[in-house]
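Quick note: numbers below take in every heavy atom, side chains included, and nothing from hydrogens, waters or symmetry partners. Each chain gets a letter, A, B and so on, in the order the sequences are listed, and its residues count up from 1.
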Amino acid sequence: MTDTDTPLQPKKKGLTRRQKRTLSRGVQYAVFAAAVIAFAATADWGRLQNQFAQADIAKQMFPDVITLALKNTVLYTLSGFVVGLVLGMVIALMRLSSVGPYRWLAGVYIEIFRGLPALLIFIFVGVAVPLAFPGTEIPGGTYGKVALALGLVSAAYMAETIRAGIQAVPKGQMEAARSLGFSPAKAMISIIIPQAFRIILPPLTNELVLLFKDSSLVLFLGVTLEERELSKFGRDLASTTANSTPILVAGLCYLLVTIPLSFVVRRMETKAQEAIR
Amino acid sequence: MSRPEIEVRGLHKSFGDNEVLRGIDLEIRQGEVVCVIGPSGSGKSTLLRCVNLLEEPTKGQVFVGGTEVTDPDVDIDAVRRRIGMVFQQFNLFPHLSVTENLTLPQRRVLRRDKATAARTAAENLARVGLAEKADAYPASLSGGQQQRVAIARALAMGPEVMLFDEPTSALDPELVGDVLAVMRMLAREGMTMMVVTHEMTFAREVADRVVFMDGGVIVEDGSPDQVIGAPRHERTRHFLSRLLDPAMADVEEETSDQVGKSEA
Ligand SMILES: Nc1ncnc2c1ncn2[C@@H]1O[C@H](COP(=O)(O)OP(=O)(O)O)[C@@H](O)[C@H]1O
Ligand SMILES: [Mg+2]
């Protein structure tokens, strides 16, 4: 053992591991500070405030931004979520069916609607469907159309999520239910699906956040004043006042909902992680 | 003599190319307790699962209580209500409380009213000694308690026959006794039972018959004293010697026959 006298001493030449780590962290902080300073120096704060943070314009948006715009955004989101959930459940069950054509159809649906931009689907629902089926009205007017469009968009994602959830339930659960005399459908409804939903609650809530943002595409359906949601409301006001403050306020309203929701999702995920251990 | 409660005739079962059951004939009379023993991969679970059609036999017939289970037109859900099954891994419903585990199947499958289901649940929990766990969730119970709840859940459906697939194999040794005690009680009460197990003491004391399986066939079928105490076949002797005294077993060549059907 010849090196017993050297090991704990710092090396004479070069940096120790600790010195390197300190240096590296120092450099990262310096870069960050430089970026902040550069941004602060180049931005024209007066104009920024003028364009985005005019208190009187913001004030003028209330209470309509909440009682009308936010309310409509929430309504659109929830109705789209419900349609997507029901449709997604049907597609997930078709995907797991023993009947070949059902599986195939569900697969085609999922591939198509996952691959299309939500915007195209809105245009499709708003323009193509009324043209293709003249005389038929989508029930519920704009609300119905939005629910359908958002439902079509989200159903493909939800179907895959639900399918994964169902498959994550241990096989023994179905066997236990069947051996007690449950029919496959009854076992699915009272034993498997309730367990699957616990597993997929976080991704489903994430989907809700995505839908909340996608509801802004209502813009492309052409809505009445009463049917405006946050984005349309903000944009309209921004153009009448020739100022962007309404955009900022509308954006804050989105964050008001999405940030707490994301927080809830993260809580559920850590809880689920702990439950596994 | 009345007709057998469980009757298996010329049963074959293959998974792809793997023929797991190669012609099983077995009769179990009402109130009889039959223990099925045999090496891992010999087809014990598959045989049990063919009795309530969790596995579809490739060939052969199975009758339970005079009804042909293997008849393609049989109402299998109705047949299964008469057959209770207990699994190695308990398979309690984790999202339901202990009581709900017992009441939900009664309500959904037997369409019993709330009060009857609750009463039956309470009675059966008391039978397995777990009345005070009625409101607990499965995850908070020990393995032995979970398995007793699983037995109570099956009993609450009022089965005529009970199937047990290695009910104590997943348990810590000190918890095995409680589960075996419940099974012994059932046997005394005259339940028809088919039990796959490695608990030789239980087989000796409780079983009316012991069936030794190996390689997908029944090698030996007789009283416990005969099959365990004085086995006629070399394969049975070999299996029992390894089971009763595993520390004394020699290292063995894996024969190609065993490869592919080990692990179970
Ligand atoms: N669902 C299945 N698919 C394919 N092979 C299976 C399946 N179930 C059991 N087997 C095979 O059947 C053989 C017997 O299994 P099993 O009946 O579980 O034996 P035992 O319970 O006696 O240990 C094993 O080789 C196993 O791999
Ligand atoms: Mg087995």
Side-chain angles (χ1 to χ4, degrees), chain A residues 85 88-89 92-93 96-100 103 158 161-205 264-265 267-277, chain B residues 45 48-56 64 69 75-96 100-112 137-140 146-147 149-159 161-165 170:
Chain A
L85 194 61
M89 175 66 81
L93 292 175
L96 294 168
S97 159
S98 54
V99 182
R103 283 200 305 274
M158 293 214 234
T161 307
I162 294 169
R163 181 185 58 83
I166 288 175
Q167 287 179 329
V169 176
K171 231 178 95 223
Q173 292 290 307
M174 181 54 105
E175 291 185 348
R178 295 306 309 275
S179 72
L180 286 161
F182 281 84
S183 68
K186 274 186 191 164
M188 206 45 149
I189 291 166
S190 24
I191 306 296
I192 307 298
I193 288 177
Q195 292 184 56
F197 266 89
R198 295 184 167 211
I199 299 171
I200 61 174
L201 209 55
L204 278 190
T205 314
V264 168
V265 172
R267 278 290 297 275
M268 288 192 292
E269 279 170 349
T270 42
K271 273 219 168 131
Q273 279 292 323
E274 283 163 10
I276 289 169
R277 270 173 220 147
Chain B
S45 298
L48 212 60
R49 294 160 59 88
C50 280
V51 171
N52 70 351
L53 223 64
L54 280 183
E55 301 291 355
E56 188 115 25
V64 175
V69 177
D75 178 356
I76 189 61
D77 297 326
V79 176
R80 284 190 182 130
R81 276 165 225 161
R82 314 208 318 245
I83 310 172
M85 182 147 190
V86 175
F87 300 87
Q88 187 176 345
Q89 297 298 336
F90 329 134
N91 294 347
L92 291 181
F93 304 133
H95 61 302
L96 301 176
E100 288 163 345
N101 262 276
L102 271 69
T103 51
L104 185 82
Q106 298 181 61
R107 306 259 294 135
R108 291 288 139 75
V109 176
L110 302 178
R111 301 246 158 254
R112 282 187 185 150
Y137 276 80
S140 68
Q146 289 191 50
Q147 192 61 297
V149 173
I151 295 173
R153 180 177 68 179
L155 291 176
M157 306 298 282
V161 170
M162 288 284 286
L163 310 176
F164 294 84
D165 191 359

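- The most heavy-atom pairs under 4.5 Å with chain B, out of A:A177, A:S179, A:P184, come from A:S179.
- In this structure, B:V149 and B:F90 have side chains that are not in contact, with every pair of non-hydrogen atoms separated by 4.5 Å or more.
- The candidate from B:Q89, B:H95, B:R49, B:R81 with the greatest count of non-hydrogen atom pairs under 4.5 Å with chain A is B:H95.
- In terms of non-hydrogen atom pairs under 4.5 Å with chain A, the most contact-rich of B:P94, B:P159, B:A78, B:A139 is B:P94.
- Here the side chain of A:S190 pairs no donor or acceptor atom with the backbone of A:A187 at under 3.5 angstrom.
- When each of B:R153, B:M85, B:Q106, B:M157 is scored by its heavy-atom pairs under 4.5 Å with chain A, the top score falls to B:R153.
- For the pair A:R103 (side chain) and A:S97 (backbone), a donor-acceptor distance under 3.5 Å is present.
- Here the shortest heavy-atom pairing between A:K186 and B:V109 reads NZ-CA, 4.5 Å.
- Inter-residue side-chain proximity for B:L104 and A:I191 is flagged as met; some heavy-atom pair is nearer than 4.5 Å.
- Proximity to chain A (any heavy atom under 4.5 Å) is shown, for B:R82, by neither the backbone nor the side chain.
- Once rounded to the nearest 0.5 Å, the distance linking CZ of A:F182 with CD1 of A:I192 reads 10.0 Å.
- Between B:L53 and B:V69 the shortest heavy-atom distance is CD2-O, 3.6 Å.
- By the 4.5 Å heavy-atom criterion applied to side chains, A:L204 and A:L85 are counted as neighbours.
- A donor-acceptor pair is defined here as one N or O able to donate and one able to accept, closer than 3.5 Å; no such pair exists between the side chain of A:E269 and the backbone of A:V264.
- The shortest heavy-atom contact between B:L48 and B:L163 is O-CD1, 3.7 Å.
- With a threshold of 4.5 angstrom between heavy atoms, B:F93 approaches chain A through its backbone and through its side chain.
- By a heavy-atom distance cut of under 4.5 Å, A:G172, A:Q173 are the residues of residues 162-174 of chain A near chain B, going up by number.
- Note that the CG atom of B:D165 and the CD atom of A:E175 stand 10.0 Å from one another [nearest 0.5 Å].
- Residues meeting the salt bridge (Lys or Arg N to Asp or Glu O under 4.0 Å) test with A:R178, sequence neighbours left out: B:D77.
- Only the side chain of B:I76 comes within contact range of chain A, with heavy atoms under 4.5 Å apart.
- A:L93 CG to A:I193 CD1: the interatomic distance, rounded to the nearest 0.5 Å, is 5.0 Å.
- Ranked by heavy-atom pairs under 4.5 Å with chain A, the list B:L110, B:L92, B:N52 is led by B:L92.
- Within residues 194-202 of chain A, the residues having any heavy atom under 4.5 Å from a heavy atom of chain B are, by residue number, A:P194, A:Q195, A:R198.
- With a threshold of 4.5 angstrom between heavy atoms, B:L54 approaches chain A through side-chain atoms but not through N, CA, C or O.
- Residues that satisfy the side-chain contact (heavy atoms from CB on, under 4.5 Å) test with B:S140, not counting sequence neighbours, are B:A136.
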